[in-house]
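All remarks here apply to the structure that follows.
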There are 4 protein chains.
Amino acid sequence: MAQKTDTRSSILQATLELIAEKGFHGSPTSMIADRAGISVGTIYCHFKTKDELIHALHEELEGKRRTVILKGYSEDLPFGERYFHLCRNTYHYLMENPLEFRFMEQYSYSPYGVCNLRQKLDSYVEPFHALFKLGIEQQIIKKLPLMLLFDLTFGPMINAIMDHNLGLLTLEEALIEEAIGATWDAVRR
Amino acid sequence: MAQKTDTRSSILQATLELIAEKGFHGSPTSMIADRAGISVGTIYCHFKTKDELIHALHEELEGKRRTVILKGYSEDLPFGERYFHLCRNTYHYLMENPLEFRFMEQYSYSPYGVCNLRQKLDSYVEPFHALFKLGIEQQIIKKLPLMLLFDLTFGPMINAIMDHNLGLLTLEEALIEEAIGATWDAVRR
Amino acid sequence: MAQKTDTRSSILQATLELIAEKGFHGSPTSMIADRAGISVGTIYCHFKTKDELIHALHEELEGKRRTVILKGYSEDLPFGERYFHLCRNTYHYLMENPLEFRFMEQYSYSPYGVCNLRQKLDSYVEPFHALFKLGIEQQIIKKLPLMLLFDLTFGPMINAIMDHNLGLLTLEEALIEEAIGATWDAVRR
Amino acid sequence: MAQKTDTRSSILQATLELIAEKGFHGSPTSMIADRAGISVGTIYCHFKTKDELIHALHEELEGKRRTVILKGYSEDLPFGERYFHLCRNTYHYLMENPLEFRFMEQYSYSPYGVCNLRQKLDSYVEPFHALFKLGIEQQIIKKLPLMLLFDLTFGPMINAIMDHNLGLLTLEEALIEEAIGATWDAVRR
DNA sequence: AATGAATGAGCTTTCATTCAT
DNA sequence: CATGAATGAAAGCTCATTCAT
């Protein structure tokens with residue numbers, strides 16, 4: 001019973017690591033099994049197909065991320081601070097979980113992910129939606145399509161973290177604040 | 001010799017179309033040959049391996065893009081106009097060449113592309129480098145790492161065009177101008 | 001112990017149904033266990049291997065069939081009537097038990113059944129042997145090898161029932177009598 | 001070009017032999033390739049799937065058989081002689097080609113063959129159809145469903161040849177004639 | 001240069017069987 | 001006796017690459 005959970009988790013973890021490292025097609029089931037310390041057949045005791053395994057992993061991470069991004073968030077904060085808070089959480093989460101970040105990249109730009117990475121980020125974070133809507137009404141935020149506001153916020157964030165992970169940029173706390181400040185300038189009136 | 005060029009080109013074109021349409025792993029060499037109207041073996045007369053074919057295609061597109069983006073560019077334009085001009089060209093090029101855009105996406109987030117899509121865009125466009133450097137000196141542009149300035153410029157652009165291609169956003173001329181304006185707000189002092 | 005019998009029976013019944021329905025290779029042990037309402041391992045408490053299970057099922061059906069075919073049979077009946085009686089019983093049994101018939105088909109023409117379906121029918125029904133032997137002595141039956149006499153009797157029967165099960169022929173009582181009459185014409189002098 | 005035909009033929013031959021010998025599930029593609037003296041992949045240059053290979057083999061044999069069974073047949077022969085002629089040809093063909101006979105058995109009683117072996121035999125041999133129809137009209141043949149007449153003719157034939165192949169019966173020329181005579185007694189008025 | 005049949009390593013998936021509980 | 005997660009050999013199939021023509 002603990003067994004079953006452990007096995008499932010170790011498969012998911014092995015899959016996460018391998019795909020982050022080598023991509024979908026560098027991660028055959030045999031290799032996943034090896035890394036998880038189980039045998040190939042066992043994967044199919046827990047997931048009907050390899051695709052299902054990958055989707056399950058995606059769901060798992062999605063749920064986890066959502067929780068973390070909302071941590072400490074409150075609608076009582078002043079408007080600008082709310083934007084910074086959500087962005088800050090997202091930056092931290094993505095930077096502290098580079099495997100997940102790399103996996104999401106792979107997933108989003110593959111047949112698995114129907115839409116793109118940026119959408120994965122906001123899709124479950126209604127607060128951003130609400131925030132932008134309210135901001136437009138109160139004439140704090142530029143009157144642009146919501147999609148574009150998301151692009152202006154998440155596009156730089158994702159690219160900056162990629163650069164950071166590739167060693168092309170060093171995202172220290174202060175620089176993250178400046179980056180958020182810059183996208184704030186982009187979206188605010 | 002005209003022969004050779006034609007064959008090579010038709011292979012590259014077939015590869016571009018197929019990969020944009022079906023991704024790397026939906027594009028076996030046999031299918032590329034079919035679409036190019038040649039036989040499998042012929043691919044190997046022009047490219048040592050499939051990987052080499054893909055890299056060659058990438059180089060080809062890279063060079064072409066560079067030329068187009070610089071069209072009409074002059075250092076005599078006022079500073080802000082120069083930023084707008086380069087961005088506008090890039091938007092138009094990427095939107096008018098959706099196959100290439102889709103291919104670059106695929107390429108960037110795969111083992112083929114060591115670095116990310118955003119870098120593909122600026123890597124050969126020194127004018128942006130020069131522009132940002134000058135802007136910082138003249139205190140027109142925020143004093144941020146060049147990488148971050150690129151992220152602030154190209155991140156939203158790439159995401160907006162993706163959304164556009166997915167039908168989630170309609171990028172008309174006016175909206176493109178607003179989008180560039182927003183990233184200008186992000187990078188300018 | 002009542003338990004033991006019940007479990008064993010339910011495994012055999014599940015096996016019969018599945019194989020009749022989907023053939024040997026559409027009937028994995030896991031599916032048999034599911035249908036029997038037990039778990040995979042339990043099958044191996046009752047049968048050493050899957051093959052043994054299948055052979056056991058075969059034996060079971062063989063024995064049952066033998067009993068039924070002899071029902072109401074008596075050596076006091078006139079000769080021709082004895083032939084008709086055995087054939088009639090066999091027709092009825094096979095038609096009333098289509099799962100078993102289908103299973104026997106599958107079994108006979110597979111590596112499981114070393115010999116053919118027709119032999120399965122007569123092998124335990126000595127009365128037919130006795131009848132044919134006697135008939136030859138009394139010059140009622142053609143002087144042919146016993147095997148051929150069985151072929152002349154059971155060949156049409158099996159094929160007719162197959163056709164019936166496939167909806168290609170409607171075997172009503174009267175037609176069965178005619179069919180038996182025809183094979184009687186084939187074997188009698 | 002001769003190459004292609006040879007390869008295809010050797011695959012078909014290897015498949016015929018193996019399936020006759022070991023059945024469908026004792027004949028993996030790897031074994032077929034081995035026996036044909038080619039590599040696994042080559043099978044898939046000639047047949048899209050293993051199923052298609054098996055169906056193709058079936059078609060091939062079907063066509064061949066049809067030709068042979070009709071050899072020397074003429075509607076000018078007297079009625080009974082026509083029946084004997086077609087049966088004789090069929091007996092000889094099936095006995096001289098035991099691999100094909102065994103394959104047809106396997107095929108007919110598997111998911112591949114929707115209907116049974118007997119139907120495979122008559123389905124392409126309209127002369128039998130015509131013969132029985134005419135015989136019924138002329139009151140030479142019993143007034144029974146055509147299907148049943150086929151069962152009465154082919155049922156014993158198939159079973160007798162099986163017995164012969166299993167060494168349970170020795171079908172010499174004289175005995176074949178007697179067997180045909182017996183089924184003739186079964187179908188004639 | 002061009003061809004395309006042949007190759008075979010490698011992939012995903014299945015399933016009879018085992019064994020610790 | 002019963003369980004069912006774990007096993008791993010083996011299956012069908014794909015596809016980048018080769019090479020004789």
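We name chains A, B, ... by the order of the sequence lines, and we start the count at 1 in each one. Side-chain atoms are counted along with the backbone in the values below, which use heavy atoms only and exclude waters and symmetry mates. Since the model is a prediction, treat every value here as computed from it, not as a measurement.
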Can you tell if the side chain of B:Ile158 reaches within under 4.5 Å of the side chain of B:Glu105, non-hydrogen atoms only?
no
Parsed dot-bracket for DNA chain E after applying the Watson-Crick and G-U rules with both distances under 3.5 Å and | for other-strand partners is .||||||||||||||||||||
Closest non-hydrogen contact found for A:Phe103 with A:His58 is CE2-CA, 3.9 Å
To the nearest angstrom, the CG-P distance between D:Asp34 and F:dG12 comes to 13 Å
Whole-Å distance, D:Leu53 CG to F:dA11 C1', equals 15 Å
Sorted by chain and number, sequence neighbours left out, side chain to side chain contact (heavy atoms under 4.5 Å, CB included) with D:Thr49 holds for D:Asp51, D:Glu52
**C:Thr42 side chain to C:Ile38 backbone, donor-acceptor under 3.5 Å** = no
Scan the side chains in residues 18-34 of chain C for donor-acceptor partners under 3.5 Å anywhere in the protein, sequence neighbours excluded, and list what turns up.
from, atom 1, to, atom 2, distance (Å)
C:Ser27, OG, C:Leu18, O, 3.4
C:Ser27, OG, C:Gly23, O, 2.7

When rounded to whole Å, the CD to C1' distance for the pair B:Glu52 and F:dT17 reads 14 Å
In whole angstroms, the gap separating P of E:dT18 from NE2 of C:His46 amounts to 16 Å
Here the distance between atom P of F:dG4 and atom CD1 of C:Ile32, to the nearest Å, is 17 Å
From CZ of C:Arg8 across to P of F:dA2 the rounded distance in Å is 12 Å
Hits for side-chain hydrogen bond (donor to acceptor under 3.5 Å, both in side chains) against B:Gln106, two or more places apart or cross-chain, chain-then-number order -> none
Taking the side chain as C-beta and beyond, is there a heavy-atom pair between D:Asn97 and D:Leu61 under 4.5 Å? no
Atom CD1 of D:Ile11 and atom P of F:dG12 are separated, to the nearest Å, by 14 Å
Residues at least two apart in sequence or cross-chain that pass side-chain hydrogen bond (donor to acceptor under 3.5 Å, both in side chains) with C:Glu17, listed by chain then number, are C:Gln13, C:Arg35
Nucleotide by nucleotide, nucleotides 7-14 of chain E touches protein heavy atoms under 4.0 Å in the pattern (B base, S sugar-phosphate only, - none) BB--SBBB
